[in-house]
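Read through the structure below, which is laid out as structure tokens, and then see the notes.
Chain identifiers are assigned alphabetically (A, B, ...) following the order of the sequence lines, protein sequences preceding nucleic acid strands; residue numbering begins at 1 within each chain.
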Amino acid sequence: MNCYLCERDMPLQANWRSLFLNDLEEVICSRCRSSFERLEKGCRICGGLGTDICSDCSKWETTAYAGVIDSGKSLFRYNPAMKEYLHQYKFLKDIVLAEVFAPVLREELRSQKAVIVPIPMNENKLKERTFPQVDRLLDAASLPYVYYLGKNEVRLGGKSKADRIASEDVFWWNGKPVPEKVLLFDDLYTTGSTMRMAAKALKAEGVKEITILALIRA
Amino acid sequence: MKDIEEFLTGRVWLRNFTPFPKEQIDQAILNGKISISRGITDELQCARCLEKSPQKIISFFCSACVGICYYCRHCIRMGRVSSCTELITWSSPSTITPQSHSFHWNGNLTPLQERASQEVQKSLFQQNDHLVYAVCGAGKTELLFPPIFAALQKGQRVCVAAPRTDVVLELSPRLRAVFPDTIIHSLYGNSPEESGFASLVIATTHQLYRFQNAFDVMIVDEADAFPYSYDLALKNAVIKARKKDAPIVYVSATPSDQLQKQVPEISQIFNRFHGHPLPVPEFRSLWGYDKAFAKGKIPKKLIAWVDEKIEKEEPFLVFFPTIEMIEQAIPLLQERHPEIAAVHSKDPDRKEKVMKLRQRQIPGVLTSTILERGITIPNVQVAVVGADQPVFNAAALIQIAGRAGRSADYPDGEVVFFHNGIVRQMDKAKQLIISYNGGSRR
């Protein structure tokens with residue numbers, strides 16, 4: 001097969017592990033794989049740069065959103081290769097690219113005890129995009145997930161950070177009884193407002209512990 | 001409405017991505033001026049690029065139409081085509097008034113160019129396909145000027161298609177200078193938008209996906225070049241873009257045997273326009289070059305070659321078989337001269353780097369096969385590292401050798417094939433070049 005990203009022919013990488021352990025198939029070549037940068041130990045809430053807790057998160061901890069996220073991490077840096085990937089996946093809508101990070105996500109979340117909750121999309125936005133990009137990442141990794149939240153239409157772009165924080169009730173609870181432990185999953189963590197608002201909405205309904213995972217930390 | 005007609009005539013475009021207000025497009029559809037077709041046909045073929053392989057036509061659950069849709073990966077960079085997206089084209093009789101054209105060129109054709117030029121014109125008149133088989137530096141572009149002008153004057157729409165953006169960028173200023181009164185559009189990935197109805201379109205073969213039943217004359221430059229020769233979709237795009245039975249002129253220095261058999265009329269030119277012979281490649285062994293680069297060393301013979309070019313201040317191109325090897329070699333060769341640059345197909349600064357080499361601002365460029373054709377740099381010296389690798393077939397090697405000695409001021413130039421053992425394709429390339437220098441093979 002050809003690499004999903006650079007279209008170069010890839011040698012088949014069959015080995016005993018892939019035969020017997022039913023591992024997910026690599027859909028990109030090793031060269032493209034190495035162009036993405038994994039984030040190592042960082043902030044204990046968002047995985048961003050910093051020891052213990054980053055400056056962004058410490059600011060959040062002085063707001064009404066303090067303590068809504070118990071722990072978390074992000075997997076990759078938002079480097080040029082990742083920018084290009086996200087552009088092709090989200091904006092060119094190349095849905096098969098959901099499979100690119102399936103092996104990594106599966107490895108990360110397969111033994112997860114908390115219930116995985118993807119950050120939902122607003123209905124109109126979903127129609128426009130034609131596919132829920134966060135859910136598809138989890139689907140590709142064969143990971144189960146549950147919705148407890150819906151999202152109202154908000155135009156985040158152009159608003160200042162203060163406005164974003166002020167826009168309460170972006171997420172609403174869908175009425176389903178919530179579990180004790182939740183892992184909130186999103187594709188891209190930028191300012192943290194999306195995760196904070198979603199976490200707050202869930203905690204208001206009685207979730208005890210919330211961990212977050214973002215594929216990418218901008 | 002006039003600007004919509006000029007834009008959409010002969011084009012297939014995504015309904016939701018035109019440069020016109022939605023209401024105007026909707027109105028034109030209501031009036032029957034524009035016709036609509038589905039992006040992916042019932043046979044699961046992309047209606048724009050004609051792709052139909054299951055690896056490229058992907059099914060998904062579509063949240064827009066709430067059902068199973070298919071989308072095409074092959075031409076996705078031009079905006080995604082899916083089952084529930086619509087393609088539009090202008091479908092009512094043309095109201096575009098013919099333009100007047102002028103021909104500004106004071107160069108001369110050599111007798112061989114002149115003959116080929118007339119043969120092409122005759123084929124176009126008789127609506128026959130034609131192949132111009134001419135060596136690198138024969139002056140292929142110039143000999144096309146008179147036939148293009150004749151077609152334009154007849155009110156025909158002409159397309160010059162080339163497989164690579166580099167070639168389109170090289171051809172455009174020349175054709176624009178020669179036909180100053182003609183509306184010419186140059187189309188490639190992210191090219192700037194141009195207005196009016198173009199009688200002459202210079203486009204990458206990829207951009208032809210966006211045309212249908214458009215051209216009275218198709219000229220396919222570098223007809224053998226990757227990706228055109230390997231990509232059936234692009235071949236079909238050429239057929240789709242021309243009007244029914246419109247003649248195709250193929251232009252190539254290294255046509256495949258198949259092309260030579262398939263095209264009824266062939267003009268051959270095996271002499272360069274300046275009359276000097278083609279530089280014949282020299283084979284030089286470079287044992288274990290791949291292991292050397294991997295270990296962070298440059299083989300001595302290559303150092304010597306590069307140092308000599310830097311010393312003599314002659315611009316040079318070094319071709320490599322893989323991007324990985326370029327990446328291994330570039331820091332090592334930059335120790336010989338810090339301004340040496342590297343380019344490959346994904347490099348956004350390729351144009352600028354080639355320009356700098358041409359203007360002697362940098363001593364040399366390391367490149368993948370991306371620069372094998374379409375570029376002219378006076379007095380350039382050429383080396384191929386790993387000429388034994390399969391990516392360098394005879395056609396590629398002939399094209400690469402053809403970069404040297406193109407200008408009349410510097411008709412010579414060194415061409416060295418560094419190898420790890422001579423292979424058949426290298427021999428074939430050298431033999432063909434020698435035979436061209438001996439005159440016609442007929």
With chain A, the option among B/F61, B/Y71, B/F60 that has the most non-hydrogen atom pairs under 4.5 Å is B/Y71
Between B/T254 and B/Q399, a side-chain donor and acceptor under 3.5 Å
yes
Sidechain N-carboxylate O distance under 4.0 Å for B/R77, A/D94
no
Ring centres of A/F101 and A/Y85 under 6.0 Å apart?
yes
If one checks every heavy atom of A/E123 against chain B at 4.5 Å, the contacting part turns out to be neither
Using the side chain to side chain donor-acceptor pair (under 3.5 Å) definition, which of the options B/K52, B/R48, B/E51 pairs with B/H74?
B/E51
Based on non-hydrogen pairs under 4.5 Å, which of A/Q88, A/R8, A/R129, A/K93 is most in contact with chain B?
A/K93
Check: B/F20 ring centroid to B/F7 ring centroid under 6.0 Å
yes
Okay, A/F91 and chain B: the region with an atom under 4.5 Å from a heavy atom over there is neither
Contacting moiety of B/I58, where chain A heavy atoms sit under 4.5 Å
side chain
